Amino acid sequence: MTALTITPAQRKSLKADAHGLSPVVMVGGDGLTLAVIKEAKSAIKHHGLIKVRVFGDDREARVAIYEELCDKLDAAPVQHIGKLLVLWKPKDALDEAYANLARSSKQTKKSLQTSQTKKSSSRSSSGRSAFERAAAVKTSKSKKRPLRSEAAESKIGWSSPGYRKAVAAPAPIKKRKVRMSSTKKKSLGS
């Protein structure tokens with residue numbers, strides 16, 4: 001069988017890691033060809049944990065492909081569910097060190113994002129609560145849109161979305177006089 005075996009705890013952890021993966025190698029109707037094995041070797045060397053999809057309805061043939069792949073790749077069988085096979089091979093520590101060394105000299109997009117998030121987290125802890133920050137956002141001035149009369153002069157025209165009608169300023173509200181009944185006047189002493 002395979003040279004590599006894993007413990008049940010490792011298998012459980014690897015199954016969880018493989019859950020979100022998509023199959024990177026597909027085994028078609030021709031079965032396990034040299035090209036498929038070469039691609040699987042490349043994928044397992046690069047990723048360590050891979051999913052393989054086998055197109056075929058014969059379960060015994062899928063099991064045979066699974067065992068043969070594990071033997072040829074020196075990988076551990078993790079999971080076989082339906083037409084999906086999950087294989088794992090530990091990455092070489094030396095290869096990982098070289099990969100990390102090559103990446104450390106470059107600034108990757110992820111490293112740039114982490115530095116920005118650290119800055120924003122220090123800014124958010126400036127003593128203001130989340131409610132105060134939300135209130136500040138809500139009370140900030142809204143963008144002023146051009147009036148219809150201004151838009152008529154532009155190329156777009158006033159009927160374009162985003163323009164509001166030019167409306168005259170509302171008249172001041174007049175206070176209504178309230179009449180008092182004669183009994184209230186007598187009680188107030190006027």
Side-chain angles (χ1 to χ4, degrees), residues 1-126 128-131 133-134 136-138 140 143 160-162:
M1 185 91 179
T2 63
L4 196 61
T5 57
I6 54 177
T7 64
Q10 286 175 323
R11 179 170 279 119
K12 185 177 180 181
S13 173
L14 289 170
K15 281 181 183 181
D17 292 342
H19 179 71
L21 297 179
S22 297
V24 292
V25 178
M26 310 286 182
V27 180
D30 293 339
L32 205 55
T33 62
L34 291 176
V36 171
I37 293 171
K38 182 180 175 185
E39 190 63 31
K41 275 185 185 178
S42 172
I44 205 160
K45 181 180 177 187
H46 186 267
H47 298 290
L49 180 68
I50 62 168
K51 271 188 185 178
V52 178
R53 182 175 299 276
V54 180
F55 294 110
D57 293 330
D58 188 19
R59 179 171 170 74
E60 287 79 26
R62 286 194 305 264
V63 171
I65 289 172
Y66 191 37
E67 291 173 357
E68 189 176 348
L69 264 177
C70 289
D71 286 337
K72 297 227 178 182
L73 301 176
D74 295 324
V78 176
Q79 188 176 27
H80 173 211
I81 293 185
K83 296 181 180 186
L84 287 177
L85 315 173
V86 181
L87 306 170
W88 175 75
K89 183 177 180 181
K91 288 184 176 181
D92 294 333
L94 189 61
D95 289 340
E96 282 189 50
Y98 281 132
N100 290 337
L101 181 64
R103 281 193 209 127
S104 65
S105 63
K106 299 179 197 173
Q107 272 196 334
T108 60
K109 187 175 181 181
K110 191 171 187 176
S111 67
L112 291 172
Q113 288 174 347
T114 56
S115 64
Q116 289 175 355
T117 56
K118 287 178 184 175
K119 288 178 188 174
S120 65
S121 64
S122 65
R123 187 176 9 166
S124 64
S125 63
S126 62
R128 291 177 27 176
S129 70
F131 292 112
R133 288 192 304 268
V137 169
K138 285 184 180 179
S140 66
K143 293 181 182 178
S160 299

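Note that these values count all heavy atoms, side chains included, but never hydrogens, waters or copies made by symmetry. Predicted model only: the values in this text are computed from it and were never measured. Nothing fancy with the numbering, it's 1 onward along the sequence.
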Notebook entry, point to check: Which of these, Leu69, Leu49, Leu14, sits in a side chain to side chain contact (heavy atoms under 4.5 Å, CB included) with Leu87?
Noted result: Leu69
Next item on the list: Step by step, work out the side-chain contact (heavy atoms from CB on, under 4.5 Å) result for Ile50 and Leu21.
Entry: CA-CA 8 Å; Ile50 62 168; Leu21 297 179; over 6 Å; no
Next item on the list: Measure across Gly48 and Lys91 and return the closest heavy-atom pair with its distance rounded to 0.1 Å.
Entry: N-CE, 4.1 Å
Check: Has the side chain of Arg53 got a donor or acceptor atom that lies under 3.5 Å from a matching backbone atom of Met26?
Finding: no
Margin query: Does anything in residues 40-63 form a ring pair (Phe, Tyr, Trp, His ring centres under 6.0 Å)? List the pairs, not counting sequence neighbours.
Written below: none
Item checked: Qualifying residues under side chain to side chain donor-acceptor pair (under 3.5 Å), relative to Asp57, sequence neighbours excluded -> Lys83
Notebook entry, point to check: Any side-chain heavy atom of Val86 within less than 4.5 Å of one from Lys15?
Noted result: no
Note to self: Give me the atom names and distance for the closest heavy-atom approach of Ile6 to Ala76.
What the structure shows: CG2-CB, 3.9 Å
Item checked: Over all atoms of both residues, closest heavy-atom pair of Leu85 and His80 -> CD2-CD2, 3.1 Å
Check: What is the minimum heavy-atom distance between Ala40 and Val25, and which atoms define it?
Finding: CA-CG2, 3.8 Å
Checklist line | Backbone of Ala18 reached by a side-chain donor or acceptor of Lys51 within 3.5 Å | finding: yes
Checklist line | Pairs touching residues 16-38 that satisfy side-chain hydrogen bond (donor to acceptor under 3.5 Å, both in side chains), sequence neighbours left out | finding: none
Margin query: Within this structure, what is the CG-CD distance for the pair Leu32 and Glu68, rounded to the nearest 0.5 Å?
Written below: 4.5 Å
Next item on the list: Could you tell me whether the side chain of Tyr66 and the main chain of Gln79 form a donor-acceptor pair under 3.5 Å?
Entry: yes
Margin query: Please report the interatomic distance CD(Glu60) to CZ(Arg62), rounded to the nearest 0.5 Å.
Written below: 8.5 Å
